[in-house]
Amino acid sequence: MQDRRKFPRKDLMSYSQVFDVAQGKLIGYLGDLNLIGAMVIGDESLKVNEKLTISNQLPELPKINAPRLSLPVRVVWCHQDLSPEYFNIGMEFELITDEQKKIIEAVIENYEFRRQSPNYPPHPTELE
């Protein structure tokens, strides 16, 4: 199966709360993010193609003074998590402004989980 993802997902170290604006209800927590969408980890499934406006509580960001980010989204997939009490919900941003793009880029830059190889000293046989 061909991967249709245009932008790689960025796993985040900050699990921000994500709300359904219309219902004022917590959907879940932001799991990963890119400029075209997000994955939310929640305890209830959502219907594919459902459209809603989400509000994401923003972590502290340098030079950004917004406490939250609100975006219209469409649910593109919803699967049960490895932990069966949770669901992974894929959301595509329907409309995003240049200012919102800057905020998303700042979140990714400051809170992306980076897997780095440990900087071990060389093995003694490599020094010969």
Side-chain angles (χ1 to χ4, degrees):
M1 182 166 75
Q2 183 181 1
D3 186 9
R4 296 179 300 159
R5 186 170 316 283
K6 295 175 187 167
F7 295 94
R9 292 182 185 174
K10 302 295 183 180
D11 294 327
L12 302 176
M13 293 185 293
S14 170
Y15 288 101
S16 306
Q17 293 179 320
V18 179
F19 292 89
D20 177 341
V21 171
Q23 295 184 21
K25 175 181 167 184
L26 178 66
I27 297 172
Y29 296 86
L30 192 61
D32 64 41
L33 179 68
N34 64 31
L35 289 173
I36 60 170
M39 196 244 327
V40 175
I41 303 164
D43 19 343
E44 294 181 18
S45 67
L46 294 179
K47 293 180 183 173
V48 171
N49 290 321
E50 181 177 354
K51 293 186 179 193
L52 55 146
T53 299
I54 61 168
S55 177
N56 178 38
Q57 179 183 9
L58 292 173
E60 194 172 305
L61 296 167
K63 300 181 185 174
I64 305 252
N65 224 8
R68 28 187 81 255
L69 176 66
S70 294
L71 294 162
V73 299
R74 179 177 67 89
V75 176
V76 291
W77 54 265
C78 183
H79 304 292
Q80 201 163 24
D81 189 71
L82 291 174
S83 299
E85 65 270 20
Y86 298 109
F87 292 88
N88 296 327
I89 307 159
M91 299 180 175
E92 178 181 57
F93 302 142
E94 294 273 284
L95 179 67
I96 183 169
T97 66
D98 288 339
E99 186 60 33
Q100 290 168 326
K101 280 183 184 178
K102 288 178 189 173
I103 292 171
I104 291 169
E105 288 169 341
V107 170
I108 292 169
E109 176 65 28
N110 288 279
Y111 290 94
E112 178 184 358
F113 181 76
R114 294 176 176 89
R115 291 176 178 88
Q116 295 179 341
S117 300
N119 190 15
Y120 294 128
H123 190 272
T125 59
E126 294 174 6
L127 296 174
E128 297 172 352

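Just so you know, residue 1 is the first one in the sequence shown, and it goes up from there. What you see is a predicted model, and the numbers here were worked out from it, not measured in a lab.
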Taking all non-hydrogen atoms of both residues into account, name the closest pair between [X] and [Y] and its distance.
| X | Y | value |
| --- | --- | --- |
| Tyr29 | Val18 | C-CG2, 4.3 Å |
| Ala38 | Leu30 | CB-CD1, 3.6 Å |
| Ser55 | Arg68 | OG-NH1, 3.0 Å |
| Ile41 | Tyr86 | CG2-CB, 4.2 Å |
| Leu82 | Pro84 | O-CD, 3.3 Å |
| Asn56 | Gln17 | OD1-O, 3.2 Å |

For the atom pair [atom1] ([X]) and [atom2] ([Y]), what is the distance rounded to the nearest 0.5 Å?
| X | Y | atom1 | atom2 | answer |
| --- | --- | --- | --- | --- |
| Phe93 | Asn34 | CZ | CG | 7.0 Å |
| Trp77 | Met91 | CH2 | CE | 10.0 Å |
| Ile27 | Phe19 | CD1 | CZ | 9.5 Å |
| Ile89 | His79 | CD1 | NE2 | 11.0 Å |
| Glu92 | Arg74 | CD | CZ | 4.5 Å |
| Lys102 | Glu105 | NZ | CD | 9.0 Å |

Glu44, CD atom: more than 12 neighbouring heavy atoms under 6.0 Å: no

Sole candidate of Leu52, Asn49, Val40 that passes side chain to side chain contact (heavy atoms under 4.5 Å, CB included) when paired with Val75: Leu52

In this structure, would Ile103 and Val21 fall into the same cluster of hydrophobic residues linked by side-chain contacts under 4.5 Å? no

Leu35 and Leu33: same hydrophobic cluster, using ILVMFWY side-chain contacts below 4.5 Å? yes

pair [X]-[Y]: side-chain heavy atoms closer than 4.5 Å:
| X | Y | value |
| --- | --- | --- |
| Asp20 | Leu46 | no |
| Leu71 | Ile104 | yes |
| Ile36 | Ile96 | no |

Keeping the roles fixed (side chain from Glu50, backbone from Lys47), state whether a donor-acceptor pair exists under 3.5 Å. yes

